[in-house]
Amino acid sequence: MILHELLDYTTLRILWWGLLGVLLIGFAVTDGFDLGVGALLPFAARTDMERRVAINTIGPVWEGNQVWLILGGGAIFAAWPPLYAVSFSGFYLAMFVVLAALILRPVGFKYRSKRPEARWRNGWDWALFIGGFVPALIFGVAVGNALQGVPFRFEDTMFARYEGSFFGLLNPFALLCGLLSLSMMVMHGGAWLSLKASGPVAARGRAYGSIAALAVVVLFALGGLALWLFVDGYRITSQVVTDGPSNPLLKSVVREGGAWFANYAAHPWMLVAPAFGFLGALGAFLGMRGQREVLTLLSSKLSVFGIISTVGLSMFPFILPSSIDPRSSLTVWDSSSSHLTLFIMLVGAVVFMPIILAYTTWVYRVLWGKVDETMVRSNSETVY
């Protein structure tokens with residue numbers, strides 16, 4: 001109870017905003033290279049054996065990596081209920097497409113090698129490509145729409161009403177963000193193949209990954225420029241109450257150009273995030289060209305961390321702005337669960353997160369080493 005009293009409502013809200021970011025970054029850093037390898041599969045691996053090598057670099061770990069996505073969804077549901085209600089209903093069709101693509105992955109992994117026919121295996125290879133390409137693209141499109149504001153409003157009864165459409169999400173800025181997300185995942189997948197694969201698969205992974213790394217630099221810069229010139233940000237104009245009730249309608253918000261850059265002017269240390277995004281991608285490019293495998297993967301992870309952190313820091317304290325009723329915008333201060341709920345969840349996170357991290361570290365240590373054709377042939381009954 002003493003700890004519960006020391007952690008006030010404001011502190012718990014900030015902690016859970018940060019933890020949500022950690023979960024999303026954890027998903028992108030781990031499952032991101034799985035998606036990238038899937039998107040690269042038809043191109044980096046050209047023969048059946050090469051594709052088996054590529055698949056077996058991620059086959060033992062992809063299920064554990066995807067747990068981060070489930071944890072992120074669970075955290076949104078429990079810690080930020082209005083965000084869950086608006087995003088999971090407003091983006092319903094987009095999320096259905098993502099889930100349908102993700103469902104192809106386990107099926108593809110399990111069934112691809114059940115029959116030797118080339119047509120059978122090639123079909124599942126393209127299913128794995130879709131399972132990597134589509135989520136990587138749509139996740140970025142979703143972030144692009146969040147930065148622009150989503151067409152929803154809260155009625156006086158706190159009923160959330162979404163007034164957009166699926167195709168309305170596919171606007172130019174959102175598609176630019178989608179291409180950045182896809183390039184980021186392909187870069188990450190190329191870095192992983194460089195580390196874990198061997199022979200032509202690793203070489204092609206480095207080649208495509210280095211191109212993707214340069215694309216990340218260019219698209220990240222273009223995204224920032226477009227955000228400054230064409231996309232309005234959001235700013236709270238009323239008194240900011242950080243420990244008040246979770247009711248978005250109790251504040252006033254305006255849209256104005258350049259508002260997403262205000263946090264960097266007020267807190268220059270935040271510029272570290274976009275710097276990491278650029279430097280990590282450049283480091284990944286140089287690492288792939290120099291065949292420095294560990295450096296490449298670490299640099300790619302740094303870039304992913306920096307790019308996602310840039311979005312979160314730019315929008316703070318907003319989580320999901322409303323483009324049609326700015327007052328309904330969801331922020332850290334007015335869309336969380338109760339003080340007690342956040343505290344109980346934090347206790348659970350403190351207990352279980354170290355266990356998850358320790359187990360994940362152990363798994364990667366056990367599975368350390370390259371996958372080559374000899375390993376695949378000698379373990380044909382136990383590998384993918």
Side-chain angles (χ1 to χ4, degrees), residues 1-27 68-90 142-143 146-147 149-150 152-154 158 160 233-254 259-260 262-264 266-267 269-270 272-273 305 308-322 325-354:
M1 292 302 295
I2 295 176
L3 184 60
H4 175 250
E5 294 173 358
L6 290 176
L7 292 173
D8 57 45
Y9 206 4
T10 299
T11 302
L12 282 170
R13 282 169 161 168
I14 293 176
L15 285 174
W16 271 104
W17 173 80
L19 283 171
L20 178 59
V22 168
L23 294 174
L24 295 179
I25 291 171
F27 168 70
W68 291 96
L69 178 63
I70 299 170
L71 289 174
I76 293 174
F77 172 78
W80 311 98
L83 174 63
Y84 182 89
V86 172
S87 59
F88 278 66
S89 58
V143 172
L147 284 164
V150 176
F152 72 92
R153 69 174 76 246
F154 283 101
M158 292 305 297
Y234 294 76
R235 180 170 62 87
I236 300 174
T237 57
S238 58
Q239 181 182 2
V240 177
V241 180
T242 62
D243 58 354
S246 289
N247 185 344
L249 301 180
L250 298 180
K251 66 180 182 301
S252 298
V253 177
V254 296
W260 287 148
N263 284 341
Y264 298 105
H267 308 285
W269 65 267
M270 291 184 177
V272 171
F305 170 81
I308 297 177
S309 297
T310 297
V311 176
L313 292 173
S314 299
M315 295 180 63
F316 185 85
F318 289 90
I319 301 178
L320 189 66
S322 170
D325 181 22
R327 185 182 63 148
S328 295
S329 298
L330 301 176
T331 74
V332 173
W333 315 126
D334 58 26
S335 58
S336 72
S337 294
S338 68
H339 186 187
L340 180 59
T341 299
L342 295 182
F343 175 75
I344 294 173
M345 290 175 59
L346 182 63
V347 172
V350 169
V351 172
F352 290 105
M353 282 293 289

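Numbers here simply count residues along the sequence, with the first being 1. All heavy atoms count here, side chains included; hydrogens, waters and symmetry mates do not. Model, not experiment: these values are computed from the prediction.
For the pair A160 and V86, the tightest heavy-atom approach, listed with the atom from each and the gap, is CB-CG2, 3.9 Å. Nearest heavy atoms, K251 versus S329: NZ-O, 2.5 Å. In terms of heavy-atom proximity, V351 sits nearest to P354 at O-CD, 3.7 Å. Between W17 and G312, the closest heavy-atom pair is CZ2-O, 3.5 Å. Smallest separation of non-hydrogen atoms from V332 and I14: CG1-N, 4.4 Å.
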Distance-only donor-acceptor hits, side chain of residues 71-83, under 3.5 Å, sequence neighbours excluded:
none

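F154 has its side chain out of reach of N247: every pair of non-hydrogen atoms, C-beta onward, lies at least 4.5 Å apart. Using a 4.5 Å cut-off on side-chain heavy atoms (C-beta onward), D243 and D8 make no contact. S246 places a side-chain heavy atom less than 4.5 Å from the side chain of R13. Side-chain contact check for F318 versus I236: some heavy-atom pair is nearer than 4.5 Å. Looking only at side-chain heavy atoms (C-beta outward), Y9 and T242 stay at 4.5 Å or farther from each other. With contacts defined as side-chain heavy-atom distances shorter than 4.5 Å, the pair D334/L250 does not qualify. Contact check for Y264 versus S314: side-chain heavy atoms found under the 4.5 Å cut-off.
Distance CG/L23 to CD1/I70: 12.0 Å, rounded to 0.5 Å. Here L12 contributes atom CG and I344 contributes atom CD1; the two are 11.0 Å apart, rounded to the nearest 0.5 Å. Atom CG of residue L342 and atom OG of residue S336 lie 5.0 Å apart, to the nearest 0.5 angstrom. Between atom CE of residue M315 and atom CG of residue L320 there is a gap of 6.5 Å, rounded to the nearest 0.5 Å. From L20, atom CG reaches atom CD1 of I25 across 9.5 Å, with rounding to the nearest 0.5 Å. In this structure, the separation between CZ on F305 and OG1 on T310 is 9.0 Å, given to the nearest 0.5 Å.
In this structure a side-chain-to-backbone donor-acceptor pair under 3.5 Å is present from S89 to A85. With hydrogens and angles disregarded, no donor-acceptor distance shorter than 3.5 Å links the side chain of N263 to the backbone of M270. Distance alone, capped at 3.5 Å, is enough to place a donor-acceptor pair between the T237 side chain and the S252 backbone.
For F343 and W16, the ring centers are positioned 6.0 Å apart or more.
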Exercise for the section: Show your working on side-chain contact (heavy atoms from CB on, under 4.5 Å) between T331 and Y234 and close with a plain yes or no. Expected result: CA-CA 11 Å; T331 74; Y234 294 76; over 6 Å; no
Exercise for the section: Check the pair L19 / L346 against side-chain contact (heavy atoms from CB on, under 4.5 Å), numbers first and verdict last. Expected result: CA-CA 9 Å; L19 283 171; L346 182 63; 3.8 Å; yes
Exercise for the section: Report the C-alpha distance between M158 and L249 in whole Å, list the side-chain angles of each, state the deciding distance to 0.1 Å, and finish with yes or no for side-chain contact (heavy atoms from CB on, under 4.5 Å). Expected result: CA-CA 9 Å; M158 292 305 297; L249 301 180; 4.1 Å; yes
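Note on ring orientation: taking the six-membered ring where Trp is involved, the planes of Y84 and F88 are parallel (angle under 30°, cut-offs 30° and 60°).
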